Amino acid sequence: MSLNLIDIESFRTRIERKSTNSKGEFIAYWMTNAQRVDCNYTLERALKFAHKERLPLKIFFIYNPGHYKTLERHHCFMLHGLLEVNDLLKKYNHSFHFFSYKDNLLKEILDRCNHLFIDLPYTERARAHLKKELIGLDMNIYSVDNLYLPLTLISKKQEFSAATLRKKYYKILDNTLIGQDFSVLEYISKVDSFIKNTDSRNQICSEIDKLNIDNLIDKNYLIRSGPITAQNVIDDFLDNSLDNYQENSNNPEFIKNSTISRYLHYGHISSAKIITKLIENNLKIDHPFIEQLLIRRELAYNFTYYNKNYNNSESLPNWAIKTLNEHNYDRREYLYTLKDFEFAKTHDVYWNSAQHQLLTSGYIHGYMRMYWGKKILEWTSNYKEAIKIALYLNNKYQLDGRNPNSYVGILWCFGLHDRAWKERKVFGKIRYMNENGLRRKFDINRYVEKVSKNNLF
DNA sequence: ATCGGCTCGCGCAA
DNA sequence: TGCGCGAAGCCGAT
């Protein structure tokens, strides 16, 4: 074993800011990415620190509906998840402080606090936002990385492909998955809550009541949210779907794993916890589900963490930019506008089905999403516009939109983390996909039928 | 049904 | 500096 726990911890928890003023009345955890209680490294570090200092802990969340201008389906899903966070904390006799955003709120929350723990932000935009919020706060600030292994421990730079990251993972893990211990539940009863017996349930509910949800999505998808729900989903998946994962993972009708990404996005479940459980099932590091949950997922985080252009074409590899530019003025067989795509008005029944699935369920199956993205490239006047459209639709409708995996999923269609292929019109050397592939891989007509009946989950 | 070729850049071995 | 290798597919030859 080439790594030890001390190595991991020095990368896991980072000192973002040091203060000379060391005395405070409580420790604070500002929950953002990791919206869960169990297996939450940030909460765990905050609890341990509070226990050591014999100070109470204040766990809080700031809700800012204006932060991203987007559909309120996302807010609805997140707020329902926070209800479960609130209930879980209450069960452990801890208060969950839920605040609606206003100016100078953070200063108020952190009045008389000297040690703040935050979830490590993984994108430039999140970092910039955080930096702005933390201006003028004189306190010790620690960020905690909630990935399976800390991002900066595995790699100091943007990785070129899954292969290069995989190599580093396999080397550092000595080809063996290691389980991880979580002591959140052990410490949570030993630490006092900063203010006892406050309950944010009513406040969260009143925010939910204010929402104006689009009438495209089935509301049931938005209610099935939160760490408790997510645990049930993942348990069901692990019990019933892991054995045939490889055969089924490309089949959009195989839906057991379909909602896991949204729970991972909001941090309702910990990938490290899932991996630790999988080790008990004797899963090896090269299992295709580990490839997805560990290598592909953390490759996406590596990408958004190190590349400031994670949300535009500038981040594509050189060969992709070159070939896309060379073919940018090729004649397109079909040309659609954003609105044509958005309301599923193309000539292609398969593509329209994928878009319809996105509108009505907040999700496109992984394989269909590749096809979906490739066709936006094919049917838009230029590739930069195509990327904008694909990201816009993804961020607007997909419940895990704005997740690193979402960005990478889209940009993969334009060559990111991929290789060049035989040159052709419009695509240049970008990997091409067509509907024959859909027919070859699964029963695409059944998919179309099921989407039209809204019968996929 | 199955197989090789397509094509690029990383990273290790010299 | 050279070379082996990988990468969520397509296409045409057997």
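Because the structure is a prediction, the values reported are computed rather than measured. Per chain, numbering begins at 1; letters A, B, ... match sequence-line order.
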*Without swapping roles, check the side chain of A:D145 against the backbone of A:L120 for a donor-acceptor pair under 3.5 Å.*
no

*Which of these nucleotides, B:dC12, C:dC11, B:dC8, is closest to any side-chain atom of A:N436?*
C:dC11

_Looking at A:Y432, I'd like to know if the NZ or CZ of A:R424 sits under 6.0 Å from its six-membered ring centre while staying within 45 degrees of the ring's axis._
yes

*asked:* In this structure, how many angstroms lie between the C1' atom of C:dA13 and the NZ atom of A:K422, rounded?
replied: 12 Å

*Measure from CZ on A:F427 to C1' on C:dG9 and round the result to the nearest Å.*
11 Å

*asked:* Can you identify which nucleotide, out of C:dC10, C:dG6, B:dG9, has its nearest atom closest to the A:R424 side chain?
replied: C:dC10

*When the distance from CD of A:E159 to P of C:dG6 is rounded to whole Å, what number comes out?*
16 Å

*So, A:E449 and A:R446, do they make that salt bridge, N to O below 4.0 Å?*
no

*Calculate the interatomic distance between A:F442 atom CZ and C:dA8 atom C1'; express it in whole Å.*
12 Å

*Taking only the side-chain heavy atoms of A:F160 (C-beta and beyond), determine which of B:dC6, B:dG9, B:dG11 contains the nearest atom.*
B:dG9

_d(NZ, A:K374; C1', C:dA8) in whole Å_ = 10 Å

*Any side-chain N or O of A:R296 under 4.0 Å from OP1/OP2 of C:dA8?*
yes

_Just checking A:K48: does its NZ atom have more than 12 heavy atoms from other residues, nucleotides or ligands closer to it than 6.0 angstrom?_
yes

*Nearest to the side chain of A:R440, which nucleotide is it out of C:dG6, B:dT7, C:dC10?*
C:dC10

*Do A:E133 and A:Y101 have side-chain atoms, one donor and one acceptor, less than 3.5 Å apart?*
yes

*Is A:R45 close enough and on-axis enough to A:Y29, meaning under 6.0 Å and within 45°, for cation-pi?*
no

*Expressed as a whole number of Å, how far does the P atom of B:dG4 sit from that of C:dC5?*
15 Å

_Is A:K157 close enough to B:dG11 that one of its side-chain N or O atoms is under 4.0 Å from OP1 or OP2 there?_
yes

*According to the Watson-Crick and G-U wobble definitions, with both distances under 3.5 Å, which nucleotide is paired to C:dA8?*
none

*Quantified in whole Å, what is the P atom distance between nucleotide C:dG12 and nucleotide B:dT7?*
15 Å

*Separation of A:Y432 atom OH from B:dT7 atom P, in whole Å?*
17 Å

_Sugar-phosphate only, base, or nothing, as touched by A:S161 at under 4.0 Å among non-hydrogen atoms_ = nothing

*In whole angstroms, how far is the P atom of C:dG6 from the OH atom of A:Y170?*
11 Å

*Among the nucleotides B:dC10, B:dC8, C:dC10, which one has an atom lying closest to any side-chain atom of A:K429?*
B:dC8

_Selection from C:dA8, B:dC8, C:dC11 that lies nearest to any side-chain heavy atom of A:Q292_ = C:dA8

_Let's see if you can work this out: which of B:dC8, C:dG6, C:dA8 has an atom nearest to the side-chain heavy atoms of A:W412?_
C:dA8

_In whole Å, I'd like the distance from the CD1 atom of A:I430 to the P atom of B:dC6._
19 Å

